[in-house]
Amino acid sequence: MSDCIFCKIIAGDIPADIVYQNDDVLAFRDLNPQAPLHVLVIPKKHIATINDMTATDAELVGKLYLAAQQIARQEGVADDGYRTVMNCNELAGQTVFHMHLHLLAGRAMNWPPG
Ligand code: DGP
C-alpha cells in the first residue's frame, strides 16, 4: 500500500531499526517505546487490522508470534517475560493500519492494561 508507513519501512523507503526479518515477517524497534524493549512485529503482506484477516492469513499470524518468541530470546527477555499486544481499530488505540504485534519487555507490566 503506497500510503502505509509500515509498507514504506518494508520497502526500505523509511529507515527503521530492524531487529529481525524473514520472508514473511519484519520486526523493528518502536519509534515511541513504552518499555525498555518495544519491538513491532509485522507481516510483510499488508493487512490493515485483525478484522481484515482471512483464514489464509492464519499461518502468517502464527509466524508473527514465532518471530516474537525468537526476538525475545535474542534480546534476553524470554525467561523473565514479555507482553505481546495487537490493537484493533480506534477504541483499542490502533494508529497505524497495518497489522502489528507489539512486543514489550524489560519492566513489570500492569494488569489490566490501560
Ligand atoms: P498502534 O497504536 O498499535 O497502532 O501502534 C503503532 C506504533 O507504531 C506506535 O507505538 C508508534 C509506532 N510507529 C509509528 N510510526 C512509526 C515509524 O515510522 N517508525 C517506527 N519505528 N515506529 C512507528
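Everything quoted here is computed from the prediction, not taken from an experiment.
Hydrophobic clustering of Ile, Leu, Val, Met, Phe, Trp and Tyr side chains at less than 4.5 Å, counting indirect connections, keeps Val96 apart from Leu101. In this structure, Val25 is a member of the same hydrophobic cluster as Leu37, with clusters built from ILVMFWY side-chain heavy atoms closer than 4.5 Å. Cluster membership check: Leu40 does not share its hydrophobic cluster with Met86, using side-chain heavy-atom separations under 4.5 Å among Ile, Leu, Val, Met, Phe, Trp and Tyr. Following chains of ILVMFWY side-chain contacts shorter than 4.5 Å, one cannot reach Val39 starting from Ile9, and the two form parts of different hydrophobic clusters.
The distance from atom CD of Gln94 to atom CE of Met99, rounded to the nearest 0.5 Å, is 9.0 Å. Atom CG in Asp17 sits 11.0 Å away from atom CG in Asp30 (nearest 0.5 Å). Of the inter-residue distances, the one linking Asn87 atom CG with Phe97 atom CZ reads 9.5 Å to the nearest 0.5 angstrom. Put simply, CG on Leu26 and CD1 on Ile18 are 4.5 Å apart, with the number rounded to the nearest 0.5 Å. In this structure, CD1 in Ile10 is found 3.5 Å from CD1 in Ile42, a value given to the nearest 0.5 Å. The line from CD1 of Ile47 to CG of Asp52 is 8.0 Å long, rounded to the nearest 0.5 Å.
Shown here are the salt bridge (Lys or Arg N to Asp or Glu O under 4.0 Å) partners of Asp24, two or more places apart in sequence or in another chain: Lys63. Legend: residues meeting side chain to side chain donor-acceptor pair (under 3.5 Å) with Gln21, ordered by chain and number and at least two apart, are Lys44. Applying the side chain to side chain contact (heavy atoms under 4.5 Å, CB included) rule to Asp23 yields no partners; only residues at least two apart in sequence or on another chain are considered. Every residue was checked against the side chain to side chain contact (heavy atoms under 4.5 Å, CB included) condition with Pro15, not counting sequence neighbours, and none meets it. Partners of Asn51 by side chain to side chain contact (heavy atoms under 4.5 Å, CB included), not counting sequence neighbours, listed by chain and number: Thr49, Cys88, Asn89. Judged as a salt bridge (Lys or Arg N to Asp or Glu O under 4.0 Å), and not counting sequence neighbours, the contacts of Asp57 are Lys45. Qualifying side chain to side chain contact (heavy atoms under 4.5 Å, CB included) partners for Asp13, counting only residues two or more places apart in sequence or in other chains: Lys8, Ala11.
Scanning all heavy atoms of the two residues, the minimum distance from Ala105 to Gly81 falls at CB-O, 3.8 Å.
Taking the side chain as every heavy atom from C-beta outward, Val61 and Pro43 never approach each other to under 4.5 Å. No side-chain heavy atom of His100 sits less than 4.5 Å from a side-chain heavy atom of Phe28.
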Determine all donor-acceptor pairs shorter than 3.5 Å in which one atom belongs to a side chain in residues 68-77; sequence neighbours excluded.
from	atom 1	to	atom 2	distance (Å)
Gln69	OE1	Arg73	NH1	3.4
Gln74	NE2	Val19	O	2.8
Glu75	OE2	Arg29	NH2	3.1

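Inspection of the Tyr20 and Asn22 side chains reveals an N or O donor paired with an N or O acceptor under 3.5 Å.
Residue pairs that meet the ring-ring contact (aromatic ring centres under 6.0 Å, His included) test with at least one member in residues 50-80, sequence neighbours left out, do not exist here. Counting only residues at least two apart or in different chains, salt bridge (Lys or Arg N to Asp or Glu O under 4.0 Å) contacts with residues 88-100 are absent. Here ring-ring contact (aromatic ring centres under 6.0 Å, His included) pairs that include residues 31-57, with residues two or more places apart or in two chains, are His38-His102, His46-His98.
Residue Leu66 shares its hydrophobic cluster (ILVMFWY side chains chained together at separations under 4.5 Å) with no other residue.
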